[in-house]
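Read through the structure below, which is laid out as structure tokens, and then see the notes.
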Amino acid sequence: MQNSPLLAASMLAAALALSACATTRDQTPLADASNVALGQQAYADGPIIQPIAVLEDSRCPMNARCIWAGRVRVKMLWIRGNGEEQPFEATLGEATPIADGSITLESVRPDKITNVELKPTDYRFAFRFAGGL
């Protein structure tokens, strides 16, 4: 058991190397932007987009009565043709100018429910791009 600290260090190094590979791998964009998870890239009728974080989800839970419907804001990346990433923010139901048109965050799933906390991995988004040639 004299090698156990060395073995533990080797295992830690291997785990870190594998996790680094997982975050830097190339990904093929989804064919459309109708069911996109955080971190996934998708073609949105032309541009490639990627939601990277939920900045705000203040939607009224479906099993509650609210005075205000709330909103959802998502931090996004537009992946340009040259590979450059341009950050922008999308708000549910609002058109946001990108490329030669605008992108709209059309829906967010799942619905909110009182006393249930949504995890980032739970979210799915649908986007629509308007414009282009």
Side-chain angles (χ1 to χ4, degrees):
M1 290 299 207
Q2 294 173 341
N3 291 336
S4 62
L6 181 59
L7 179 61
S10 305
M11 290 174 60
L12 178 60
L16 290 173
L18 286 174
S19 68
C21 291
T23 59
T24 59
R25 67 179 170 82
D26 290 329
Q27 63 175 285
T28 302
L30 298 173
D32 68 48
S34 63
N35 188 37
V36 186
L38 288 173
Q40 283 186 311
Q41 293 180 1
Y43 288 103
D45 302 319
I48 298 174
I49 52 94
Q50 179 179 11
I52 56 175
V54 176
L55 300 173
E56 175 185 352
D57 185 356
S58 59
R59 294 175 294 164
C60 180
M62 62 182 287
N63 59 343
R65 291 183 187 211
C66 302
I67 296 172
W68 184 54
R71 67 182 182 172
V72 177
R73 296 182 312 120
V74 180
K75 184 175 181 178
M76 303 284 298
L77 291 177
W78 167 30
I79 316 300
R80 302 179 120 193
N82 62 3
E84 179 185 331
E85 298 176 345
Q86 181 174 337
F88 70 98
E89 186 177 304
T91 300
L92 182 61
E94 296 180 10
T96 302
I98 70 163
D100 56 351
S102 63
I103 192 147
T104 302
L105 172 55
E106 291 193 316
S107 69
V108 178
R109 294 185 321 275
D111 289 329
K112 284 184 82 170
I113 300 173
T114 55
N115 299 325
V116 175
E117 184 176 338
L118 292 174
K119 299 179 296 250
T121 54
D122 294 335
Y123 284 95
R124 295 296 180 272
F125 308 97
F127 299 94
R128 180 180 42 84
F129 181 73
L133 300 174

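Counting begins at 1 with the first residue of the sequence. Just the heavy atoms: all of them, side chains too, but no hydrogens, waters or symmetry mates, feed the values below. It should be emphasised that the depicted structure is a prediction, and the values quoted were computed from it without experimental measurement.
Side-chain contact between Val54 and Pro120 is absent, with no heavy atoms from C-beta onward closer than 4.5 Å. With a 4.5 Å cut-off on side-chain heavy atoms, Val72 and Arg59 count as touching. You'll find the side chain of Thr96 stays beyond 4.5 Å of the side chain of Ser102, heavy atoms only. Counting only heavy atoms from C-beta outward, the side chains of Ser107 and Ser34 never approach each other to under 4.5 Å. Looking only at side-chain heavy atoms (C-beta outward), Leu77 and Phe88 stay at 4.5 Å or farther from each other.
Across Glu56 and Ser58, no two heavy atoms sit closer than the pair OE2-OG, 2.9 Å. A pairwise comparison of heavy atoms in Pro51 and Ala37 identifies CG-O, 3.5 Å as the closest pair. Shown here for Phe129 and Ala44, the closest heavy-atom pair between the two residues is CB-O, 2.8 Å. Residues Tyr43 and Ala31 share a closest heavy-atom pair of CB-O, 3.7 Å.
For Asn82, the CG atom counts as densely surrounded, since its 6.0 Å shell holds more than 12 non-hydrogen atoms of other residues, nucleotides or ligands. Within 6.0 Å of the CD atom in Glu84, the count of heavy atoms belonging to other residues, nucleotides or ligands exceeds 12.
Listed for the Gln40 side chain is no donor-acceptor partner under 3.5 Å among the backbone atoms of Ile52. Not one N or O on the side chain of Asp32 forms a donor-acceptor pair closer than 3.5 Å with the backbone of Ala42. Under a 3.5 Å cut-off, the side chain of Lys112 and the backbone N or O of Asp57 do form a donor-acceptor pair. Side-chain N or O atoms of Glu94 include none that pairs as donor or acceptor with a backbone N or O of Thr91 at under 3.5 Å.
Note that CZ of Phe127 is 10.5 Å distant from CD of Gln50, once rounded to the nearest 0.5 Å. Atoms CD and CG, on Glu89 and Leu105 in that order, are 10.5 Å from each other to the nearest 0.5 Å. In this structure, the separation between CZ on Phe125 and CE on Met76 is 8.0 Å, given to the nearest 0.5 Å. The distance from atom CZ of Arg73 to atom CZ of Arg71, rounded to the nearest 0.5 Å, is 5.0 Å. Between the CG atom in Asp45 and the CD1 atom in Ile103 there is a gap of 8.0 Å [rounded to 0.5 Å]. A distance of 12.5 Å separates CZ of Arg109 from CG of Leu118, quoted to the nearest 0.5 Å.
Under the 4.5 Å side-chain heavy-atom criterion for Ile, Leu, Val, Met, Phe, Trp and Tyr, Val74 and Leu30 are members of the same hydrophobic cluster.
With salt bridges taken as basic N to acidic carboxylate O contacts below 4.0 Å, none links Arg80 and Glu85.
Counting only N and O atoms by type, the side chains of Glu106 and Thr104 include no donor and acceptor under 3.5 Å apart.
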